[in-house]
Amino acid sequence: MVNKRYYIISIIFISLFGYLFQKGKINSEAKNRTLNDGLDIIKNFTKLEEVNIGEYKKIKIKKLFPFETTGYNIEDIGFISILSANYGIFQMFSFHLSPYKKDFPILIIDFMYIFGKRNIIFEVYNTTIDNNSTFLINFIDEFERIKKNNSDIKDWKIAPKWGDERVVINMKKEGNSSYDSRFTSLFSDVIYIYMKSIVKMTTLEGELKTKKAILIKEFSEKLTKNGGIINKIFKSDMDEDDVSKLFVNIFFGFKFQ
């Protein structure tokens, strides 16, 4: 009787482990494919050069929850950082594109993979000197077209948060792993229309370049102080000054400009 019970428990445990492993594999493959496709699109427009993130390459919160950061200089545009986490059945990445050399908004994209569930946020934040440029207006129109074309995917309803008043346009979606190819395409489509607009713009120089850097720095400082789930996670294990340096210098790339 004891051996039979042990056998049943072992089968249940092995089956559960196999199920979780498979879900984690699906999530990891979807995350990597999405990021790689998006970066490939950027490389089709301009050069990417990975930078040395240093001590922030790998961060462990509470000595249990590791995060990894990669950063890239985008030639004639600015900086990209990608914060990612892989906990098997839960995986995520946060993509920040900060255009220091062009007068265009910051683009932040968050993807979360939880078991078979997906939550996606695209947010474009106003850090522009000229809020009525033709390039920005055209980008917004194309973003609206993408939203309309994907209106059949359920919108993700989340509570208001700091910075919502700075959002030029956004898209928040939720679904399951059956939507992975759609969500990968969404990521690529948004990056494509962003890059298509920004590469046509005049490169900022002198006082305008300095003013642009100040706008991005001020935004990232306020986001660190007031915003989001990610910075709350880091504040749980780091003092506020260190979190501010991490966000401003690394995630938004001020150190590398």
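- Both I82 and F45 belong to a common hydrophobic cluster when Ile, Leu, Val, Met, Phe, Trp and Tyr are linked at side-chain heavy-atom distances under 4.5 angstrom.
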Worked check of side chain to side chain donor-acceptor pair (under 3.5 Å) between S94 and D110 | CA-CA 4 Å; S94 188; D110 294 322; 2.5 Å; yes

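- Judged by distance alone, the side chain of K196 and the main-chain N or O of F139 form no donor-acceptor pair under 3.5 Å.
- Within the 4.5 Å cutoff, the side chain of K172 has no heavy atoms near those of the I120 side chain.
- Across all their heavy atoms, P105 and L136 have their closest contact at CG-CD1, 3.6 Å.
- Note on Y56 and I80: separate hydrophobic clusters, where clusters join Ile, Leu, Val, Met, Phe, Trp and Tyr whose side-chain heavy atoms are under 4.5 Å apart, directly or indirectly.
- Within 6.0 Å of OH on Y192 lie no more than 12 heavy atoms contributed by other residues, nucleotides or ligands.
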Apply the test side chain to side chain contact (heavy atoms under 4.5 Å, CB included) to residues N73 and Q257: give CA-CA distance (whole Å), side-chain angles for both, the deciding distance (0.1 Å), then the verdict.
-> CA-CA 9 Å; N73 279 321; Q257 302 311 304; 3.6 Å; yes

Go through T128 and N131 one step at a time and tell me if the side chain to side chain donor-acceptor pair (under 3.5 Å) criterion holds.
-> CA-CA 6 Å; T128 53; N131 297 327; 2.5 Å; yes

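- Distance OG1/T134 to CE/M201: 9.5 Å, rounded to 0.5 Å.
- Residue E165 places its CD atom among more than 12 non-hydrogen atoms of other residues, nucleotides or ligands, all under 6.0 Å distant.
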Yes or no on salt bridge (charged side-chain N to carboxylate O under 4.0 Å, His left out) for R33 and E29, after CA distance, side-chain angles and deciding distance?
-> CA-CA 6 Å; R33 183 171 58 251; E29 289 174 349; 5.3 Å; no

Stepwise, does the side chain to side chain contact (heavy atoms under 4.5 Å, CB included) test hold for N170 with V124?
-> CA-CA 6 Å; N170 64 35; V124 180; over 6 Å; no

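- In this pair, F219 and F252 present their aromatic rings perpendicular. The plane angle is above 60°, beyond the 30 to 60° band.
- Summarising the geometry of F104 relative to T127, their closest heavy-atom pair is O-OG1, 3.8 Å, with the distance given to 0.1 Å.
- The closest side-chain heavy-atom distance from K200 to F135 is below 4.5 Å.
- The two residues Y100 and K209 come nearest to each other via the heavy atoms O-CG, 4.2 Å.
- A distance of 5.5 Å separates CD of E221 from OG of S244, quoted to the nearest 0.5 Å.
- Between the side chain of T46 and the backbone N or O of E75, at least one donor-acceptor pair lies under 3.5 Å.
- Side-chain atoms of S81 come within 3.5 Å of backbone N or O of F251 as a donor-acceptor pair.
- Taking OG of S220 as the start and CD1 of I250 as the end, the distance is 11.5 Å to the nearest 0.5 Å.
- Tracing side-chain contacts under 4.5 Å through hydrophobic residues (I, L, V, M, F, W, Y), one never reaches I121 starting from L35; they form parts of separate clusters.
- Residue V51 is grouped with residue I59 when hydrophobic side chains (ILVMFWY) are merged at heavy-atom distances under 4.5 angstrom, including chains of intermediate members.
- Shown here is K161, whose NZ atom has more than 12 heavy atoms of other residues, nucleotides or ligands within 6.0 Å.
- Not a single donor-acceptor pair under 3.5 Å links the side chain of D242 to the backbone N or O of M238.
- Between the side chain of D103 and the backbone N or O of D130, at least one donor-acceptor pair lies under 3.5 Å.
- Proximity of E142 to I146: side-chain heavy atoms (C-beta onward) are nowhere separated by under 4.5 Å.
- Under a 3.5 Å cut-off, the side chain of K102 and the backbone N or O of I198 do form a donor-acceptor pair.
- The aromatic rings of F234 and F247 sit perpendicular to each other, their planes meeting at more than 60°, with 30° as the lower class boundary.
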Carefully, step by step, assess R166 and E123 under the rule salt bridge (charged side-chain N to carboxylate O under 4.0 Å, His left out).
-> CA-CA 10 Å; R166 298 285 298 273; E123 293 182 310; over 6 Å; no

Residue pair M195, I77: steps toward the side chain to side chain contact (heavy atoms under 4.5 Å, CB included) verdict = CA-CA 9 Å; M195 293 299 299; I77 293 176; 3.4 Å; yes

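- Taking a 6.0 Å sphere around CZ of F65, one finds it holds 12 or fewer heavy atoms contributed by other residues, nucleotides or ligands.
- Within 6.0 Å of the NZ atom in K235, the count of heavy atoms belonging to other residues, nucleotides or ligands exceeds 12.
- Here CZ of F67 is found 12.0 Å from NZ of K60. Values are rounded to the nearest 0.5 Å.
- In terms of heavy-atom proximity, K173 sits nearest to N150 at NZ-O, 3.1 Å.
- With respect to K147 and D189, no salt bridge is recorded, no charged nitrogen being found less than 4.0 Å from a carboxylate O.
- Interatomic distance, NZ of K31 versus CG of N27, reported as 9.0 Å (0.5 Å rounding).
- A salt bridge does not link E144 to K148: none of the charged side-chain nitrogens sits closer than 4.0 Å to a carboxylate oxygen.
- Between S28 and N86, the shortest heavy-atom contact is OG-ND2, 4.3 Å.
- In summary, the side chains of N176 and R118 do not present any donor paired with an acceptor at a separation below 3.5 Å, with no hydrogens or angles considered.
- Counted within 6.0 Å of CD on E205, heavy atoms from surrounding residues, nucleotides or ligands total 12 or fewer; the atom is thus considered open.
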Side chain to side chain contact (heavy atoms under 4.5 Å, CB included) between L204 and K101, worked out | CA-CA 5 Å; L204 298 175; K101 299 175 184 178; 5.5 Å; no

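- The 12-atom threshold is exceeded at NZ of K57, counting heavy atoms of other residues, nucleotides or ligands nearer than 6.0 Å.
- Placement of V168 and I106 in two distinct hydrophobic clusters is found when ILVMFWY residues are connected by side-chain heavy-atom separations under 4.5 Å, directly or transitively.
- Around NZ of K255, the count of heavy atoms belonging to other residues, nucleotides or ligands within 6.0 Å does not exceed 12.
- Separating the CD1 atom in I191 from the CD1 atom in I42 is a distance of 5.0 Å, to the nearest 0.5 Å.
- In this structure the side chain of H96 never reaches within 4.5 angstrom of the side chain of F79, judged on heavy atoms.
- In this structure, the side chain of S197 does not engage the main chain of Y194 through any donor-acceptor pair within 3.5 Å.
- Remark: aromatic rings of F187 and F95 are close, center separation under 6.0 Å.
- Considering all non-hydrogen atoms of both residues, L186 and M171 come closest at CD2-CE, 3.7 Å.
- Aromatic ring orientation, F183 versus F111: perpendicular (interplanar angle above 60°, classes split at 30° and 60°).
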